[in-house]
Amino acid sequence: MNVQISQLLGIAWYEFQMHWRRRALLIITIAIVGIIIAEMLIFGGDITSLVPAFRADPALLTEEQNVRFHTLNVVFITWGAVGAIMSFILPIVVSDSIPLDKQHNVYELFRSLPLSSSIYLAGKILGVWWASLSSMALSLVVLGIMWWLRVGAFDVIAYLDMWLMGAALIGLLNSALGVLLASTQPSRRRALLLMGGLFILPSLLVPTSTYDISIMGYINPIRGAVLNFYLNTFARALSDPTGWTFGWQAAEVWGTLLVGSLQIAVLALLVWGYLRWQEARA
Amino acid sequence: MNALKPSLNILAARIKGLSGTVIRIFVSDFSPISTEASAVPPLHAPTTLSTRALIAMGRGLGGGVSREHSSICPSPRSFPVPDNAIKPLSMPHKFKHFCVAAMDKRSGGVWGEAKRERGIQGVRSTLTLMTLVICFATLISATPAHAQPETTVPRFESTTCWFSNITRFTIDCGWLYVPEDHAQPEGATIRLAVAIIRSESADKQPDPIVFLAGGPGGGVVGRAPLTAVGLGIGTMNRDTILVDQRGMGLSEPYLGCPEVTPAYTLQLMSRTVESFQPFIDCRARLEAEGVNLEFYNTVQSAADFAALRTALGYEQINLNGVSYGTRLALTIVRDHPEGIRSVVLDSTLPLEINTNEFAGDNSFMDTFDLIAATCAADFVCNTSYPNLRQVYEDLYARFEANPVQLEVEGLPVTLNGALLRMNVFMMMYAQEAIVSVPAYLYSVAAGDYRAVEDAMRNFAEEGMDTTSIGSQMTITCAENAANTTYEQALAADEAQPAAFRGAVPITGAYGYQACEAWGMPEPVVNNLTVQSDIPTLVLAGQFDHITPPSFGQQVAREFPNSFYVEFPNISHAVTFTTCPARVMSRFLDDPTTAPTVDCTITLPNFVMDATATRPLARIGAGMAAVTSIWAVASLIMALRGAQGARFGMAWRASFRTVGWIALAASGLLIALMTFTDARQAFNATHVTMVQLIIPLIVGIQAALLFSPDDEPGLEVTLACPRPIGWTVIERLAVVLLTQSAVALIGTLLSLAYAPEQNALEAFARWLPPMLFFSGLGMFVTIRTRNSTFGAVIVGLGWFAFNIAGDMFLPGQPFMFPLNYVQPFLWMTHPFLAPDALMSADFWLNRVIVMGVGVMFILLTLWNLRDEETVLLNAARKATRKQEKQAKSGW
């Protein structure tokens, strides 16, 4: 195997392990599953139970309509918590990847090795993605089973679409941003504080409206375009006879992917330059 | 977060203020249009005026579309136009509005600013007339040449719907033209609004269901989309036809009474009106407009529905009457039985019942006693709200003797016995409100009148605009009051305890007086017993206090081919609930066979308000206060001890550790929220901005204050001859002091921008949650030895309380078994608004939240008492695990 690829995978594997061993991702997973199970208990698996006018009698619906109705509930209730956690919490949780290396002096160790800054950075991001995806996969499976037991059959494709095109997209983009933005910080404490500010401030500075997706809905790390797309799917699908719009059919999702990738690329370039500059200075 | 909140708000529409909602619909009704739909906000933003609305305004029908649309529908001035709407007013925009204004003026200024200037026949009238002629000519010119108007009646003409169809169902609309007096088919013509909800079923049957709405006085056509969705009508295997009965809803003429103003309505509710003059004025106006009121009754309306069947070309139809609609159905069966395939009577009002002698049936009192008994059988309800009947009667007597003056939306409301009685009566219409009755009575008894104010709020805003008062008066007076005497009505009233007699203003002796003022019409004899062999399903609700099950049983006896089904745990208008709707659907599929009843209705848990759990809150607050005082005292003692032990405070190091970033962030955010619109992103206001920012940032800071695994030089710190807890206290003190300073400035700004708030409450909004989240963050960090955990828990907690904080307020519908926990949650809601509960409860909550925060801080310090465990790990078990891991090499 190519040495660089071997290094890349080594860093990624290290990062993956560390995120799970620090139990931060365990907390994220438990939070996602816990919140949604709490919602299941509160709403009884049917968000429309709070809006009696939309309450449908399963006996009066066809099997197909029932499946559609369950899918609406599953996607909406799950997305509310998952979307928010992926937007706000995950990037903060994974932001200590590089600062902790500095805090524990592992960073010095890495720099003493024949390991380039680009490989180190890419490995870190890959490791965070790997760990985040594994957390999401675990949540996806556990919640999928829970939902199936709670409400019965629902559209698995729509459910997977929500996780892959929605949660994974936001999670991967924002976790990478989290790692990169915090990479200049010397300790976990500083990184968490900085990221807390960076992921809360944008929502204030660049408000995103639920009904009006402007360019800011793509640029803002809150990823309002995708968040709103899946939230509005519920209301839209309730009244739209043509049914469901999948994430891969939505411009909001592809637009977010494009803009987010650009953001990561630009930021990665800047951070790489900074690390090189630090190396040169040292 | 802001992105989530609106959608969550829509879907988490709560039953908050339910009693008010219910009353809004039922004030003078024998049945609801749809109790459930009223909680739903409009889904689509309104766009512009519909042509129908314009025409309605032009015809001077006083109330136009607004009468049809209560809280669920857009305001009349912005009534949405369907995308495919025909626009006959193809005139320039400005001109169109000019026409509308002119027509509005002619109509008596109900819609516009124009004043009623009846009798002035000067230049302005001439100009108005000319304008109308021009408008009319423009309309005529916009009509296709081939559209030759047909004049025969009855006939049905399709038209564009008056509402925006937001559902997936196809809804067709049209006008049914019928004679005003069916005895004179060549006479004056009126038209009724009709909506047909098309079935999507592959097994669609040719005979539709014709829905006969209750009231009398309410419209249903304007609600067709929500009715279709809410009742699942579109999924049934029959078309459903909604008709606005003559004089009601969108039908023309409309017999609304804008003379009955909101202020007057509020007086009417408490029966403190000096006269019925607005009713008299309304009748005079309607008659002056050429409406012949004697033809607006159930007999004529029944003929309308017979005409509907022939005009639409149906061989057979099914009738589905609800409440007053059952009386109409019975009249149709009696007078026009041809073509009726089956009948569903939901909450039956037999023709023999005279609503002015109505109180004699005990149904109000019996249902109240049933609620009291159900509450007594429930441990939690009985413990919290015992002796319900006694409490109610005492309360009634108290308010009757000493009425309380309230103010709602700037209008005076007299809370007397009559108003209390009416509120309780109205709450009994809806299942969700029934379970609120005990809490309502106890909270009112405790001096909390917010529920009363909520119930009156809709009246204060809109009066009785959604009810066709003219129709209601003509029907009820001619068919009830005119067939009895005042003495008989009074005797029926007096046969009941005062707290249970004639709750609704149009019933009993009071209703008789109103009819006398209105002008007692010639009696319409419509009280003959109906007998029929048409297959009939009679449905009743156990808790129905206005058309009790005995009414349904009475009618069922006269129908040999009838099936009677009584549903437990439900009140009036049962088919708006899924189980009875399912039974109805089965019956319609095979009306000759008794439908299977394989579902049940469960009464929701009784609502526990803060009054019920207040004793526990007092205990909790007491404990929290003692703990806090003890903690502060201990701290002071320890400080003095520390001075004696000659170790001081490391403030400078603490400042360095805490850093300035968070402080700057707080200041920046508060400045942004104060001076820009950025606060809207968080649904914050000047009042709530400080409580939103400070607890979050302080919580995260506290979580990051001290984590053994992240602490540089931990061994050195531990080796110092001072407790490690001091390090945490110093840092926490720095955080709390600096952030409190920022919060103080923020609060002063908040008070400057929103001076209406109470200063003490403004401070209490952020101080307890700040302590709560800081304690929580510190505790989680210390227990897990990982500051990320603390920060995440604080973030999630803050997020959850902000997004779903209202779920912590009493009365929210949690599923079993969380419903037993829900009544207590308000005590620990960190962001409780001062006006969400009574003032005393708010302060109890503040003390408890603060106490919980202090307790978390104390627990944190307790976990730091042993330096060795701080250095190695907090728990021996964890140490063993680490050793095991070290051995396994993972």
Side-chain angles (χ1 to χ4, degrees), chain A residues 22-24 27-28 31 35 41-44 47-57 59-62 65 76 80 83-85 88-89 92-93 96 103 187-190 192-194 196-197 200-201 203-211 222 224 227-228 231-232 234-235 238-241, chain B residues 1-4 6-8 10-14 34 36-37 39-40 43 166-168 226 229-230 232 235-236 578 581-582 585 599 659 661-662 665 669 672-673 677-682 696-697 700-701 704 710 712 784 786-789 791-793 795-796 799-800 803 807 813-815 818:
Chain A
R22 287 179 205 135
R23 289 171 289 167
I27 290 288
I28 289 282
I35 288 171
L41 287 172
I42 292 169
F43 302 133
I47 193 92
T48 61
S49 64
L50 295 180
V51 192
F54 287 138
R55 196 186 295 160
D57 181 0
L60 296 178
L61 300 178
T62 63
Q65 286 169 330
F76 186 83
I85 288 173
F88 293 97
I89 307 292
I92 298 175
V93 166
D96 60 8
Q103 185 177 319
S187 66
R188 171 192 270 168
R189 182 181 290 146
R190 288 278 297 271
L192 290 177
L193 269 179
L194 180 74
I200 290 169
L201 268 179
S203 71
L204 290 167
L205 295 171
V206 193
T208 55
S209 159
T210 303
Y211 304 106
I222 286 165
L227 272 182
N228 292 331
L231 286 176
N232 292 340
F234 186 83
L238 264 180
S239 57
D240 182 3
Chain B
M1 190 185 87
N2 66 304
L4 291 173
S7 296
L8 282 174
I10 287 169
L11 291 154
R14 299 178 310 279
S34 165
E36 298 171 332
V40 184
L43 290 178
I166 59 167
T167 72
R168 63 176 182 272
L226 281 175
V229 175
T235 59
M236 292 174 125
T578 50
R582 193 186 304 175
S585 180
C599 50
I661 296 178
L669 288 174
L672 273 171
M673 283 198 176
D677 289 336
R679 61 186 172 279
Q680 289 170 0
F682 272 109
L696 173 67
I697 294 183
I700 292 175
Q701 274 190 295
L704 304 178
D710 293 338
T784 59
N786 188 335
S787 49
T788 308
F789 285 11
V792 166
I793 294 295
L796 284 174
F799 186 76
I803 284 286
M807 299 299 284
F814 275 32
M815 302 291 285
L818 296 181

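Quantities reported herein were computed from a predicted structural model and do not represent experimental measurements. Sequence lines set the chain letters: A, B, ... in the order given, protein chains first and strands last, and positions in each chain run from 1.
When heavy atoms are compared at a cutoff of 4.5 Å, A:R188 approaches chain B solely by way of its side chain, counted from C-beta outward. Proximity to chain B (any heavy atom under 4.5 Å) is restricted, for A:I89, to the side chain, taken from C-beta onward.
Taking chain A as the reference chain and counting heavy-atom pairs below 4.5 Å, the highest number among B:I793, B:N786, B:I697, B:I661 is found for B:N786.
Between A:R189 and B:L704, the shortest heavy-atom contact is NE-O, 2.5 Å.
Summarising the geometry, atom OG1 belonging to B:T788 is positioned 4.5 Å from atom CG belonging to A:L192; distances are rounded to the nearest 0.5 Å. For the atom pair CG (B:L796) and CD1 (A:I85), the distance works out to 5.5 Å, reported to the nearest 0.5 Å.
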